[in-house]
Amino acid sequence: MNEINTENKPNVPEIFLKPYDPAEHEVKLYKMWENSGFFNPDVCVNKGVTSENAEVFSLVLPPPNVTGELHMGSALMLAIEDIMVRHARMNGKKTLWIPGTDSAAIATQARVEKDIQKNEKKTRHDLGREELLRRIDIFVEEKKNTILSQMRSIGASLDWSRYAYTMDKERYQAVMEAFVRMYNTGLIYRGNRIVNWDPKGQTTISDDEIVYEERKAKLYTFKYSQDFPIAIATTRLETKVGDTAVAVHPDDERYKQFIGQEYDVVFCDVPIHIKIVADESVEKDFGTGALGVTPAHSQIDWEIADRHNLPRPQVINEYAKMTVAGRLNNLKTTDAREEVANWLKENNLLINEEEINQNVSTAERTGGIVEPLPKLQWFIDVDKKFTVPHSEIPSIDSNSEISLKELMEKAVTGGGVSFVTERFEKTYLHWAKNLRPWCISRQIWFGHRIPVWYKTNTEGKEEIYCGLEAPQSEGWYQDPDVLDTWFSSALWTFTTLGWPNQTTDLKTYHPTTLIETGHDILFFWVARMIMMSGFFLGQVPFKTVYMHGLVRDGQGRKISKSLGNNIDPVDMAQKYGMDAVRISLVMGMTPGTDSKISEDKIRGYKHFANKLWNISRFTLTSLNNTDIPTTIELKEADKAILSELNALTSAVESHFANYRVDLAGETIYQYAWHRFADEIIEESKPILQSTDPQIVKSRQYVLKEILVTLLKLLHPFMPFVTEAIWQELPKPYKDSELLLVAKWPKQ
RNA sequence: GUCCGGUUAGCUCAGCUGGUAGAGCGCUACAUUGACAUUGUAGAGGUCACAGGUUCAAGUCCUGUAUCGGACACCA
């Protein structure tokens, strides 16, 4: 390198004379970055910032709800990912971070329906499917700019040229293709099974969308009739009109004599036929040790009915109302329960009534009490074996036979996917082991519609067609249901890269390097991406899983509207600057563990941004009107300072390697403030007054080195203030116009 | 019920393969025309939940207890 040109003498820009003002810089800087094109790895290669065959670093952004707004959780996610992405880019990796938004099917449709109900007093059925979908599209178009501009305001260096929306044309086609391929392999099937029905949302939901709430319930012990030999216990009296058997344990001495007997009774106006069966699944010690079997309204009972070939009358409908004749007719289940209790009392059949704690299944989205109902639905078979034509997953051979469940286990146990926090690996494997068929059909309108058509043929039989386009001939009608939103999300790592086309992007960036997301969607999303990527590509979707925790308030409480403790990232950024918001979210956050945010903390880091500002001001002032040769005879003390700086860079690197961005941040913070500002700058003041020019030059050189290194190290964490300062540095100090693509300090 | 975590300064948390405790914020006192009051210096404050064990040596490893939290399952 050359000596600094005297015409490029460092001046102290006027801008440093007042405190750092984030508002003055943030929008401008983001535009500058975005216009530079460097968020796109292709541009980085073309402009020589990244070498053609550089190591790849790729990840997809977990797409936020397209109609939503930024909250602290998504701000944390964007901050962590942007830190890793900027770090990788500065390290010369071919770095791709794909932005996207999610349609949030149920939530979005519910929101639009509510508005229409309020403003026009109409239901979705009044409007019809087409019109409702048109309204939803309009709503999405109106809303999406909010979230997109908020994502930019964070400073996220996302490659917007590859932006994807779960419901855009490319993704929709890819989802159809995926369904058809899985159907043709026999992994997707239609079956009549007990599903979790949400009467409030009027749709099925998957097992993972259930939230258990503990409530008090009454456990009733009773007999079906005076001459029925066995008493049974239940909390759901109203379902007993749907009973077809009483199951007892085969070894239970009390009931052995009755096994095989059958009884006809009229129970609360409903004639029922009860067979006494022996089944291992019954616990002798619970209740009376005898279980009233209601095949149509309980998962376990459905399975018992399978084993004993029992009829399965349905007595509750989709609105959670009774469908039987008599006194229960059309009553809500809760009312019917009381009615049955009254009837039992009237007829002297009630033996005992006891308060117990019970876990009630509720729907995560609507809060409705889940009603198990038998329904004809679409499922993914996780146990059926299929052949993997081509596998890049360690421990899974090409052309081997495997089930989705096994694939999901092996992808992790074989080391194809590793978890930054090991305990999530255990949670994952535990879940995968107990996986059951995944119900993927939903009875709403907004979403990826199931590409299956039906037709009743001349013999009165139903024909089924599954394909990308509707069949040409007459009389076909499409399945009205749409897919579980997680079905399309599960394909996200590769549909965003152009699949099913074999694009260059797909070859270059898949498997992605990393997925970074909240641990609350480990099963919903992370696990299912592993499933789908394995099935369609024979690849893992990502090599590393990094899970972040929940963002809580300063006292560790969940952030919620009712507590009124919401801290809005956008408000906070206006007050203290986005850099302060970003770094406060990251500092003190351990991977996988819930973290805390408070306004005090954010304010503290605004001080830090300003400290940096003043460090820069001092350093540039000290260098003013001075030429600093780039090769220089350094004094011993200055050599020591530089080797300490190298040690800092190494420490930061090793924290990055361990995905401990929190520790990396703290290490730099500590150095910048308490070592550089408090000590090195202080001791430099007299040194710079020295009459020996060698001493002065040596020190000036060191100060410049530290400043440049610190700006680089801090850039991933506080991109705005560091770039703002960088823009004021004299050219000879810089290896790049933009700090965004400057070279990461060498160790 | 099963499986995971946590329990370290007033608060929020670090502390890797064991070597007599750290940070940030807060608090106290002092300083102040100095790059920065969005500051500096100094300081107070911890038998590292409890009880055993292994070891020359234990927040750090093992066992158990208490307590808080999470995931999963679920009894009808």
(request) Please report, rounded to the nearest Å, how far the P atom of B:A35 is from the CD1 atom of A:Ile680. (result) 17 Å
(request) Determine whether A:His25 and A:Phe720 make a side-chain contact, defined as any pair of heavy atoms from C-beta on separated by less than 4.5 Å. (result) no
(message) Quick one: does any side-chain atom of A:Arg582 pair with a main-chain N or O of A:Phe717 as donor and acceptor, under 3.5 Å?
(response) yes
(request) Let me know the distance between CD of A:Glu599 and C1' of B:C11, rounded to the nearest Å. (result) 17 Å
(message) I'd like to check the ring pair (Phe, Tyr, Trp, His ring centres under 6.0 Å) partners of A:Phe676; sequence neighbours left out, ordered by chain and number.
(response) none
(message) For residues 518-527 of chain A, which residue pairs pass the salt bridge (charged side-chain N to carboxylate O under 4.0 Å, His left out) check, not counting sequence neighbours?
(response) none
(message) Rounded to whole Å, please give me the gap between CG in A:Asp678 and P in B:C36.
(response) 14 Å
(message) My understanding is that only residues two or more places apart in sequence, or in another chain, count here; which of them pass salt bridge (Lys or Arg N to Asp or Glu O under 4.0 Å) with A:Glu354?
(response) none
(message) Within the 4.0 Å heavy-atom criterion, would you say A:Ile681 contacts the bases, only the backbone, or no part of the nucleic acid?
(response) base
(request) Please state the C1' separation for the pair B:C61 and B:A23 - nearest whole angstrom. (result) 26 Å
(request) Rounded to the nearest angstrom, tell me the gap between atom CD in A:Glu682 and atom P in B:U41. (result) 8 Å
(request) Sequence neighbours left out, what passes salt bridge (Lys or Arg N to Asp or Glu O under 4.0 Å) with A:Asp21? Give chain and number order. (result) none
(request) Write down the distance separating the C1' atoms in B:C4 and B:A42, rounded off to the nearest Å. (result) 45 Å
(message) Could you tell me how far B:U63 sits from B:G26 if I compare only their C1' atoms? Round to whole Å.
(response) 39 Å
(message) It should be established whether A:Thr590 places a side-chain nitrogen or oxygen under 4.0 Å from OP1 or OP2 of nucleotide B:A14.
(response) yes
(request) Counting heavy atoms from C-beta on, name the nucleotide in B:G5, B:G34, B:G40 closest to the side chain of A:Arg423. (result) B:G5
(message) List the residues meeting ring pair (Phe, Tyr, Trp, His ring centres under 6.0 Å) with A:Tyr659, not counting sequence neighbours, and say none if there are none.
(response) none
(message) Once side-chain hydrogen bond (donor to acceptor under 3.5 Å, both in side chains) is applied, do any residues pair with A:Tyr255, and if so which ones, sequence neighbours excluded?
(response) none
(request) Using heavy atoms and a sub-4.0 Å distance, could you list which residues of residues 426-437 of chain A are near RNA chain B? By number, please. (result) A:Lys426, A:Thr427, A:His430
(message) Both atom distances under 3.5 Å, Watson-Crick or G-U wobble: I'd like the secondary structure of RNA chain B as a dot-bracket string, with | for pairs made across strands.
(response) (((((((..((((.....[..)))).(((((.......))))).....(((((..]....))))))))))))....
(request) Under the ring pair (Phe, Tyr, Trp, His ring centres under 6.0 Å) rule, collect the residues that match up with A:Phe524, sequence neighbours excluded. (result) A:Trp486
(request) Take atom C1' in B:A14 and the same atom in B:A9, then report the distance between them in whole Å. (result) 13 Å
(message) Say we look at B:G64 and B:A76: how far apart would their C1' atoms be, to the nearest angstrom?
(response) 36 Å
(request) Send over the distance from A:Ile521 CD1 to B:A71 C1', rounded to a whole Å. (result) 15 Å
(request) For A:Leu663, answer base if it contacts any base atom (sugar-phosphate contacts may also be present), sugar-phosphate if it contacts only those atoms, and nothing otherwise; contact means non-hydrogen atoms under 4.0 Å. (result) sugar-phosphate
(message) Measure OH/A:Tyr659 against C1'/B:C16 and give the value in whole Å, please.
(response) 17 Å
Do any N or O atoms of the protein come closer than 3.5 Å to N or O atoms of nucleotides 23-30 of chain B, and which pairs are they?
| residue | atom | partner | partner atom | Å |
| --- | --- | --- | --- | --- |
| B:G24 | OP1 | A:His674 | NE2 | 3.1 |

(message) Distance to the ring centre below 6.0 angstrom and angle to the axis at most 45 degrees; does that hold for A:Arg193 and A:Trp302?
(response) no
(request) Apply ring pair (Phe, Tyr, Trp, His ring centres under 6.0 Å) to A:Tyr671 and list each qualifying residue two or more places apart in sequence or on a separate chain. (result) none
(request) Starting from the 5' end of RNA chain B, give me the residue, A:Glu283 or A:Asp594, whose nearest nucleotide shows up first. (result) A:Asp594
(message) Check whether A:Tyr733 forms a cation-pi arrangement with A:Lys704 (NZ or CZ under 6.0 Å from the six-membered ring centre, at most 45° off the ring normal).
(response) yes
(request) Please measure how far the C1' atom in B:U8 lies from the corresponding atom in B:G59, and state the result in whole Å. (result) 6 Å
(message) With syn defined as a glycosidic angle within 90° of 0 and anti as the rest, where does B:G59 land?
(response) syn
(message) Using the P atom as the point on both nucleotides, what is the distance between B:G34 and B:G40, in whole Å?
(response) 15 Å
(request) Heavy atoms only: give me the nearest A:Ala278-A:Ile259 pair and the separation to one decimal. (result) CB-CD1, 3.7 Å
(message) Applying salt bridge (Lys or Arg N to Asp or Glu O under 4.0 Å), can you list everything that pairs with A:Asp484, at least two apart in sequence or on another chain?
(response) A:Arg442
(request) Taking atom P in both B:G43 and B:U60, compute the distance separating them and give it to the nearest angstrom. (result) 29 Å
(request) Taking only the side-chain heavy atoms of A:Ile615 (C-beta and beyond), determine which of B:A76, B:C74, B:A35 contains the nearest atom. (result) B:A35
(request) Report the distance from atom CZ of A:Phe424 to atom P of B:G5, rounded to the nearest whole Å. (result) 11 Å
(request) Just call it for A:Thr294: base, sugar-phosphate, or nothing, with non-hydrogen atoms closer than 4.0 Å on any strand. (result) nothing
(message) Categorize A:Ala677 for me: base, sugar-phosphate, or nothing, with a 4.0 angstrom heavy-atom threshold over every strand shown.
(response) base
(message) Could you tell me how far apart A:Phe523 (CZ) and B:C3 (P) are, to the nearest whole angstrom?
(response) 16 Å
